[in-house]
Every structure is written in structure tokens, then in C-alpha cells.
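Just so we're on the same page: letters track the sequence lines, and every chain starts at 1.
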Amino acid sequence: MSVRVQREDFDVGRELESLSRGRPGVGAVVSFVGLVRDMVSERPLLALELEHYPGMTERELAAIDAEARRRWPLETVLVIHRYGRLTPGDRIVLVAVASAHRNAAFEACQFLIDWLKTRAPFWKSEETTAGSHWVEAKAADDAAAARWGAPEITCG
Amino acid sequence: MSVRVQREDFDVGRELESLSRGRPGVGAVVSFVGLVRDMVSERPLLALELEHYPGMTERELAAIDAEARRRWPLETVLVIHRYGRLTPGDRIVLVAVASAHRNAAFEACQFLIDWLKTRAPFWKSEETTAGSHWVEAKAADDAAAARWGAPEITCG
Amino acid sequence: MKLLYFAWLRTKLGLAEEEVTLPETVHDVADLMTWMRDRGPLYAAALANPAVIRVAVNQIYARPHHPVTASDEIALFPPVSGG
Amino acid sequence: MKLLYFAWLRTKLGLAEEEVTLPETVHDVADLMTWMRDRGPLYAAALANPAVIRVAVNQIYARPHHPVTASDEIALFPPVSGG
């Protein structure tokens with residue numbers, strides 16, 4: 001497993017290639033790339049500021065990764081998440097999974113990004129012409145994570 | 001939409017980049033890469049020979065692509081499938097989908113490869129130390145395609 | 001009428017394509033399959049199990065009652081195994 | 001005890017972290033939240049709605065009855081929005 005939290009961009013082709021190189025049992029590589037869109041709430045987005053909790057982020061991503069490996073037979077898992085200032089078109093996150101068969105790779109990749117979105121301590125602040133505001137967690141993301149039986153994390 | 005049937009390898013990073021470049025509404029790119037594995041039926045695989053039906057292949061892939069766009073709101077779809085002689089570790093197929101949101105991209109990508117596997121006129125011949133033999137269609141692939149309500153294609 | 005064969009159907013028959021004159025008795029895909037099996041033991045053996053034969057008429061999958069005409073390109077092949 | 005704040009909790013409180021002496025009344029996360037709200041109107045306002053506050057003890061999500069000690073690193077933050 002491999003988890004990276006970084007300010008810099010990443011090379012998707014090189015990263016995906018590394019998932020299967022030297023692993024002749026890999027028959028399927030499924031990946032998700034999340035990108036900054038140009039519009040939010042019908043306003044042009046100028047920039048996104050991604051804050052995170054160093055230490056806990058890596059720990060939580062490693063836990064999500066371990067959970068995926070417990071559920072599916074995977075050869076390799078890679079999660080790269082950026083932080084800092086990003087602008088429309090920039091890559092935010094890469095989740096990639098290599099497995100012998102495609103169904104495990106698809107399911108695990110979707111599981112990883114669903115859990116990451118509800119558990120990994122990242123917060124987005126959006127800068128538009130109307131100013132900056134913190135992005136609220138989405139009910140749709142909670143619902144997506146709930147499909148996989150995610151544990152609750154409210155503090156009450 | 002873009003469909004390519006070719007003998008040559010492809011550059012995954014470059015292809016994925018092209019899916020979102022100049023399309024600022026893209027928030028998610030999901031891709032599947034299929035690779036030649038080194039073992040088949042517990043024997044080392046020496047090579048794979050991929051035959052196809054030129055003309056019908058492109059037509060069928062375009063139809064699968066159109067069906068995906070009818071079902072999900074997608075920005076871009078790309079399917080590249082190789083033919084000819086391939087050896088373990090080689091890439092066989094790339095299916096990639098760009099969309100505003102990740103769920104549509106994941107579902108459409110999985111749909112595309114499931115339908116491709118049961119409808120696109122490609123046939124694999126496997127060469128092992130025991131000789132060459134034609135790969136039979138897999139019941140698991142039929143089942144995967146049936147999830148999406150694939151039309152029957154038996155001739156009776 | 002142009003007939004194309006792929007994968008093990010091609011190797012069993014020993015040919016990738018042939019031109020045939022459409023017999024008057026053949027009006028649809030089912031008729032064609034019946035006629036093909038009568039063309040000799042090689043055809044009869046290769047086409048014995050309809051469950052493992054797919055037919056495309058002019059590059060589109062065709063069911064048994066799909067009509068066929070002299071100008072059609074007809075392909076016969078096993079279930080596909082790409083991807 | 002080290003307290004960390006992130007995202008709008010950090011901007012509302014106007015600080016990213018602080019060292020506090022663990023009061024004797026605080027034994028778990030729920031106690032901590034109660035005590036925090038009594039630290040002044042800024043804290044009371046920022047922590048008014050527990051549904052939008054997550055707590056991590058030593059970088060692991062913690063429920064209300066999770067114990068807290070003087071040597072812990074405790075982080076308070078809103079629901080996450082990465083990915």
C-alpha cells in the first residue's frame with residue numbers, strides 16, 4: 001500500500017504504471033482522478049484552498065487502505081491527495097487499485113474514494129467572486145459511504 | 001466520444017489528461033486498464049493473440065459508448081482496444097470516462113467494460129506450454145453484463 | 001453473399017471468408033444456419049451447437065428471424081472474449 | 001493537553017492550536033465539549049452544534065465516551081470535505 005499527502009501535482013500515467021509493473025498477476029487497474037471544477041453553486045470558482053490535519057490524514061488514509069484490502073483481494077493500492085491552493089482543472093486526488101480481476105478493482109476504488117470523502121481530514125475553502133467560504137460536507141457523500149457500512153464518526 | 005482499435009500500445013497518462021483538458025466542468029475521471037496476466041488455468045501464459053472483426057468492432061464500441069451516454073451525464077468517453085500479439089504485462093484495453101461527478105463516471109466505466117466484454121467482436125487465443133487454444137466466453141462476464149440489462153445476442 | 005468466419009470457427013473451417021450464392025430457400029438467419037449445416041461434414045460439425053455461434057448481418061448482431069439478402073455481409077463467430 | 005482546530009472552527013476561534021491544562025472534571029470527550037463551551041462566548045458559539053463537530057483523540061476519531069488525558073492531542077474540526 002502507498003499513501004501520499006503532498007502539495008505538488010502527480011503524474012497519473014507514471015503512477016498507474018507503477019501499480020502493475022513487476023506484478024504479473026495484475027489484470028485490472030482501476031483509477032479515480034478528482035479535479036477542481038470551474039463552477040460552484042453557479043458561480044465561477046477562482047481557487048480552492050485545501051487544508052488538512054498532518055499526521056491524522058496519513059493515518060486515516062492508511063486505515064481506509066487496510067479496510068479495502070481486508071474486503072477485496074488487491075495487489076496494490078495507491079492514494080495521493082494534494083493540499084494547498086488549487087485552481088480549476090488541477091488534480092486534487094488519485095485513487096488507484098490493481099487486482100487480478102476487474103470487479104474487485106472497481107469496487108475497492110469506489111469504496112476508497114467514498115470513505116476518503118467522509119473520513120480523511122481534509123477541508124476545502126472555495127474562493128469565488130463572492131468571497132471565500134468553507135465547503136460543507138455533502139449528504140450525498142455520507143450516503144455513498146453508508147453503502148459500504150461506514151462506521152459513524154459523530155462526536156455527539 | 002472516441003473509440004480506437006489499434007495494434008500499438010497507448011499512453012494512459014496522456015489519454016486520461018486529454019479527457020479533461022479544456023473541459024472545466026469535469027470533476028471526475030474514472031479509468032479501467034486491462035492487462036495480460038502471466039498465468040491462465042494455472043499454466044504460464046506465453047502470449048495472447050487478439051483477433052477482431054474490423055468494422056464491426058468500431059461500430060459495436062460506438063454503440064456501447066452511445067448507450068453509456070444515454071444512461072449517464074458524461075463529458076467524455078474513451079475506449080482503446082488493442083489487437084494482435086500481446087505478452088504478459090501488456091496493456092489490452094483502456095476504458096475511461098470523464099464526468100462532473102464520480103458516481104456517474106464509476107458506473108459508466110464499469111458498464112462500458114462489462115458490455116464491451118460481451119459484445120465487442122474480439123477473440124483471444126492463449127499460447128501456453130500446452131499449445132494454443134481459443135478462450136471461451138466467461139459466464140461471469142455474461143452475468144456482469146446482465147446487471148445492466150444487456151440485450152441478448154444469441155442467434156438461436 | 002459474403003460470409004466471414006472468426007476465431008475457432010475460422011480455424012475449424014480453415015477459411016476466413018467466402019463468397020456464396022444465396023440459395024432461394026434462405027430468407028433469414030435461421031434458414032442460413034440450416035443451409036450451412038447441409039454444406040458438408042466440416043460445416044455441420046463447426047455449426048452443430050447454435051448456443052456457441054453468434055451471427056452478425058452487415059456488422060450488427062442478428063437474431064434468427066433477421067432477414068438476409070444476396071448483398072449482405074454475414075459473419076459467424078463464437079461468443080466474444082475481448083477486454 | 002494540546003488542542004487543535006481546523007477549517008471554520010480554526011477561523012471562528014482565531015487560532016489553530018493551544019495548550020490547556022486538563023480540568024479535573026474532564027474525563028472523556030463529552031466532558032471536554034461541555035467544558036469547552038464554558039470557556040467563553042467565542043467557544044460557546046463555535047461549538048454550539050455538536051452535529052457539525054468531529055473530535056479526534058491522538059489522530060483517531062473519538063466518540064463521546066472516549067477517555068481523554070493530559071498527554072493527549074485532541075483535534076476539533078467540522079465534517080471533512082476532501083477528495
Ranked by heavy-atom pairs below 4.5 Å to chain B, first place among G22(A), A105(A), C109(A), A96(A) goes to C109(A)

Got a sec: does the CD of Q6(A) have more than 12 other heavy atoms crowding it under 6.0 Å? yes

Most contact-rich option vs chain A, by heavy-atom pairs under 4.5 angstrom, among V97(B), D38(B), V26(B), is D38(B)

Looking only at G13(A), G25(A), A140(A), G89(A), most heavy-atom pairs under 4.5 Å shared with chain B are made by G25(A)

Does any backbone or side-chain atom of S31(B) lie under 4.5 Å from a heavy atom of chain A? Answer side chain, backbone, both or neither. both

Among R37(B), R14(B), M39(B), which residue has the highest count of heavy-atom pairs closer than 4.5 Å to chain A? R37(B)

Is there a side-chain contact between V30(A) and Q110(B) in this structure, where contact means two heavy atoms from C-beta onward sitting under 4.5 Å apart? no

Under a 4.5 Å heavy-atom cut-off, does chain A meet the side chain of E15(B), its backbone, both or neither? neither

Region of D11(B) in contact with chain A, defined by heavy-atom distances below 4.5 Å: neither

Given the options P88(B), A100(B), G34(B), which has more heavy-atom pairs under 4.5 Å with chain A than any of the others? A100(B)

Between atom CD1 of I113(B) and atom CG of N103(A), what is the distance when rounded to the nearest 0.5 Å? 10.5 Å

Count the heavy-atom pairs under 4.5 Å between each of R23(B), R21(B), E17(B) and chain A, then report the option with the highest count. E17(B)

Nearest atoms (heavy-atom pairs only) where R102(A) meets A144(B): NH2-CB, 3.9 Å

Of all heavy-atom pairs between L35(B) and S20(A), which one has the smallest distance, and what is that distance? CD1-CB, 3.8 Å

Any L16(B) side-chain heavy atom under 4.5 Å of L16(A) side chain: yes

Just so I understand: if I count every heavy-atom pair under 4.5 Å between each of I92(A), D114(A), V12(A) and chain B, which residue has the most? D114(A)

Using non-hydrogen atoms only, which part of R91(B) is less than 4.5 Å away from chain A: side chain, backbone, both, or neither? side chain

